[in-house]
Amino acid sequence: MPHQVAPLPSVGKHKTLSTAKRAGRATDAGSFLRIDDVIASTGLSRATIYRLLAAGDFPAKIALTIRCVGWWEADVTAWLESRLGRPSSEPGEGQAA
C-alpha cells in the first residue's frame with residue numbers, strides 16, 4: 001500500500017506554503033527584506049541606509065540569526081511613503097500620539 005502524504009496547509013491566497021515561497025512571500029502577513037532588497041527598494045546605498053539607521057531615521061533592523069539581519073517589508077514601505085508625503089496604508093501607523 002503506498003504511503004499517503006498529507007497536503008500542505010494553505011497560506012492566504014497562495015495554494016500552499018511551497019508555492020508561496022516560490023512567489024517570494026511565505027505568508028500574507030509580510031516578509032523580511034535583506035540589505036540588497038532594501039537597497040533595491042529604496043534606491044539608497046548601503047552606507048546611506050546604515051547612516052540613516054544610526055541616526056534613528058530609518059526602520060530598525062531585526063536580528064534573524066546571529067549573523068543575519070532583515071527589515072520588515074511593511075516598515076520599509078511605510079518609511080518610503082513618509083518620504084513621499086503620502087499617508088501610511090496602515091491605520092494609526094506613522095501618526096504621533
Apart from Ile66 itself, members of its ILVMFWY cluster (side-chain separation under 4.5 Å) are none
Output for pair (Arg83 CZ, Leu44 CG), nearest 0.5 Å, gives 8.0 Å
Do Val76 and Leu52 share a hydrophobic cluster (ILVMFWY, side-chain heavy atoms under 4.5 Å, transitive)? yes
*So, do Trp71 and Phe58 sit near enough that their side-chain heavy atoms are less than 4.5 Å apart?*
yes
side-chain hydrogen bond (donor to acceptor under 3.5 Å, both in side chains) filter on Thr65, not counting sequence neighbours, yields none
(message) Any non-hydrogen side-chain atom of Val69 less than 4.5 Å from a side-chain atom of Ile62?
(response) no
Open item on the list: Please check this pair: side chain of Trp79 against backbone of Asp57, looking for a donor-acceptor N/O pair closer than 3.5 Å.
Closed with: yes
For residues 32-41, the side-chain hydrogen bond (donor to acceptor under 3.5 Å, both in side chains) pairs (sequence neighbours left out) are Asp36-Arg46
Worksheet item: If you group Ile, Leu, Val, Met, Phe, Trp and Tyr by side-chain heavy-atom gaps below 4.5 Å, do Leu64 and Ile35 land in one group?
Response: no
Here the gap from Leu33 atom CG to Ile39 atom CD1, rounded to the nearest 0.5 Å, amounts to 11.5 Å
